[in-house]
Peer 1: 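Have a look at this one before I ask anything.
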2 protein chains.
Amino acid sequence: MATTQLESHVLSKSCQYALRAVVYIAARATPGHLVGAQEIADGLDIPKHFLSKILQQLTRNHLISSTKGPHGGFFLSEENERVTIDRIVEVMDGPGLFKACVLGMPQCSSDHPCPLHTQAVEYRDGLYNKLKRLNIKELATVVHKENIQL
Amino acid sequence: MATTQLESHVLSKSCQYALRAVVYIAARATPGHLVGAQEIADGLDIPKHFLSKILQQLTRNHLISSTKGPHGGFFLSEENERVTIDRIVEVMDGPGLFKACVLGMPQCSSDHPCPLHTQAVEYRDGLYNKLKRLNIKELATVVHKENIQL
DNA sequence: TAAATAAAGGATATAAGGGTCTTTTATTAG
DNA sequence: CTAATAAAAGACCCTTATATCCTTTATTTA
């Protein structure tokens with residue numbers, strides 16, 4: 001067993017929270033009811049202040065929208081709804097995830113593959129292509145139709 | 001852009017080093033010449049003391065072998081050569097990587113899928129199955145035949 | 001205009017991964 | 001047996017992700 005139990009991941013926790021929050025907003029926000037950070041934090045059981053930071057980051061990058069003040073909160077413009085999932089991952093975790101070598105070797109490429117290049121690339125690119133073609137609205141629709149828990 | 005550029009990864013750095021080191025040992029160790037931590041560190045440009053910790057961990061888990069003293073070093077027994085890559089990943093990064101939900105939701109499964117379950121599982125399992133079937137000796141052989149840089 | 005609300009922003013704290021250094025233990029050569 | 005060698009082990013520090021708290025700004029309602 002591993003001496004120190006690592007919390008291994010593909011996506012950072014911030015990114016995981018971001019994705020869940022965005023889907024939550026897509027599901028709950030209406031023109032008459034914007035979704036507050038508190039509501040999302042409660043609904044998804046995510047620390048509120050940490051979530052706020054994440055939502056700020058998404059807002060600054062125009063992936064979601066917000067307004068301040070009473071009855072303010074977060075919502076998705078029509079443009080936001082067309083934002084693809086890979087963009088959220090990119091903003092939260094940086095552009096490296098689907099490009100960097102699994103073994104961290106900078107010169108790794110199809111010309112100069114690392115030992116696991118063949119094994120890993122298919123996996124990575126397959127997921128990436130799916131996320132690149134899936135936008136927020138579509139994902140939210142699937143979640144709703146399949147009655148998926150957030 | 002991400003405000004803080006995360007070093008996103010599938011495998012931890014420790015795990016990346018471990019995999020490269022194991023292949024290095026497989027390539028260089030002979031009955032008359034065991035491979036020292038210093039040699040590996042130099043050859044792979046990895047911090048020596050950090051690498052030592054990793055090699056210790058692999059040794060404790062019987063994935064590689066070692067002897068102390070002059071002309072001591074690391075090597076692979078025949079049993080070690082049959083160790084599959086997924087075991088190394090498991091020891092270094094824990095058993096969660098290929099089992100945990102991409103969105104970190106503990107209850108996620110095919111019965112109760114998370115929003116990205118369908119997208120992620122296919123490729124994750126694909127990679128996992130490859131690593132589960134690939135042992136150290138086979139990987140080292142590929143690396144040698146394809147003249148892959150470590 | 002004042003009070004209330006909620007996001008934005010900044011400063012700070014905590015935990016884990018990554019990395020370094022020193023001491024101990026085992027082995028071998030002389 | 002002694003000296004040299006190299007892994008094992010433990011203590012420690014640095015950086016980053018995660019998380020919390022407090023203040024500021026924008027907006028709305030009374």
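What's counted below: heavy atoms across the whole structure, side chains too, no hydrogens, waters or symmetry copies. The chains referred to below are lettered A, B, ... by the order of the sequence lines, with proteins before strands, and numbering in each begins at 1. All values reported here derive from a predicted model rather than from experimental measurement.
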Peer 1: Take atom NZ of B:Lys48 and atom C1' of C:dG18, then tell me their distance rounded to the nearest Å.
Peer 2: 18 Å
Peer 1: Write down the atom of B:Phe75, the atom of B:Ser66, and the distance for their closest heavy-atom approach.
Peer 2: CE2-N, 3.8 Å
Peer 1: Between C1' on D:dA7 and CD1 on B:Ile64, what's the gap in Å once rounded to a whole number?
Peer 2: 11 Å
Peer 1: If the cut-off is 4.0 Å, is A:Tyr17 near the phosphate of D:dA19, judged by side-chain N/O to OP1 or OP2?
Peer 2: yes
Peer 1: At their closest point, which heavy atom of A:Arg124 faces which heavy atom of A:Ala100, and how far apart are they?
Peer 2: NH1-O, 3.0 Å
Peer 1: Could you please name the option among C:dA7, C:dG18, D:dT20 that lies closest to any side-chain atom of A:Ala37?
Peer 2: C:dA7
Peer 1: B:Lys13 NZ to D:dT15 P: how many Å, rounded?
Peer 2: 13 Å
Peer 1: Of the nucleotides D:dA11, D:dC21, D:dA8, which has the atom closest to the A:Lys53 side chain?
Peer 2: D:dC21
Peer 1: Count the heavy atoms of every other residue, nucleotide or ligand shown that sit under 6.0 Å from NE2 of B:His71, and state whether that count exceeds 12.
Peer 2: no
Peer 1: Taking atom types as modelled and ignoring hydrogens, do the side chains of B:Tyr24 and B:Arg20 form a donor-acceptor contact shorter than 3.5 angstrom?
Peer 2: no
Peer 1: Report the distance from atom CD1 of A:Ile46 to atom P of D:dT20, rounded to the nearest whole Å.
Peer 2: 12 Å
Peer 1: Are A:His9 and B:His9 an aromatic pair by the rule of ring centers under 6.0 Å?
Peer 2: yes
Peer 1: Could you tell me whether the phosphate oxygens of D:dA7, OP1 or OP2, come under 4.0 Å of any side-chain nitrogen or oxygen in B:Thr59?
Peer 2: no
Peer 1: Just by distance, with hydrogens left out, do A:Thr84 and A:Asp86 show a side-chain donor and acceptor under 3.5 Å apart?
Peer 2: yes
Peer 1: Please check this pair: side chain of A:Glu81 against backbone of A:Leu76, looking for a donor-acceptor N/O pair closer than 3.5 Å.
Peer 2: no
Peer 1: Would you give me the side-chain donor-acceptor pairs under 3.5 Å for residues 138-150 of chain A, sequence neighbours excluded?
Peer 2:
| unit_1 | atom_1 | unit_2 | atom_2 | d |
| --- | --- | --- | --- | --- |
| A:Glu138 | OE1 | A:Asn135 | N | 3.0 |
| A:Thr141 | OG1 | A:Lys137 | O | 2.8 |

Peer 1: Taking the side chain from A:Gln38 and the backbone from A:Lys48, do they hold a donor-acceptor pair closer than 3.5 Å?
Peer 2: no
Peer 1: Let me know the distance between CG of B:Leu58 and P of D:dA9, rounded to the nearest Å.
Peer 2: 13 Å
Peer 1: Between A:Gln57 and A:Asn61, do the side chains contain an N or O donor and an N or O acceptor separated by less than 3.5 Å?
Peer 2: no
Peer 1: Would you give a per-nucleotide map of nucleotides 22-30 of chain D, 5' to 3', where B means the base has a protein non-hydrogen atom under 4.0 Å away, S means only the sugar-phosphate does, and - means neither?
Peer 2: ---BBBB--
Peer 1: Heavy atoms from C-beta onward define the side chain here; which of D:dA8, C:dG19, C:dA7 lies closest to that of A:Phe74?
Peer 2: C:dA7
Peer 1: Heavy atoms only, 4.0 Å cut-off, all strands: where does A:Ser52 land among base, sugar-phosphate and nothing?
Peer 2: nothing
Peer 1: Return the value, rounded to whole Å, for the distance between atom CG of B:Leu11 and atom C1' of C:dG18.
Peer 2: 16 Å
Peer 1: Rounded to the Å, how far apart are A:Asn61 CG and C:dA8 C1'?
Peer 2: 14 Å
Peer 1: The helix from C:dT1-D:dA30 to C:dG30-D:dC1: angle between its terminal axes, five pairs each, to 10°?
Peer 2: 0°
Peer 1: DNA chain C: A:Gly72 or A:Gln56, which has the more 5' nearest nucleotide?
Peer 2: A:Gly72
Peer 1: Hey, is the side chain of B:Arg60 poking within less than 4.0 Å of OP1 or OP2 on D:dA9, counting only N and O atoms?
Peer 2: yes
Peer 1: Expressed as a whole number of angstroms, how long is the span from A:Leu34:CG to C:dT5:C1'?
Peer 2: 13 Å
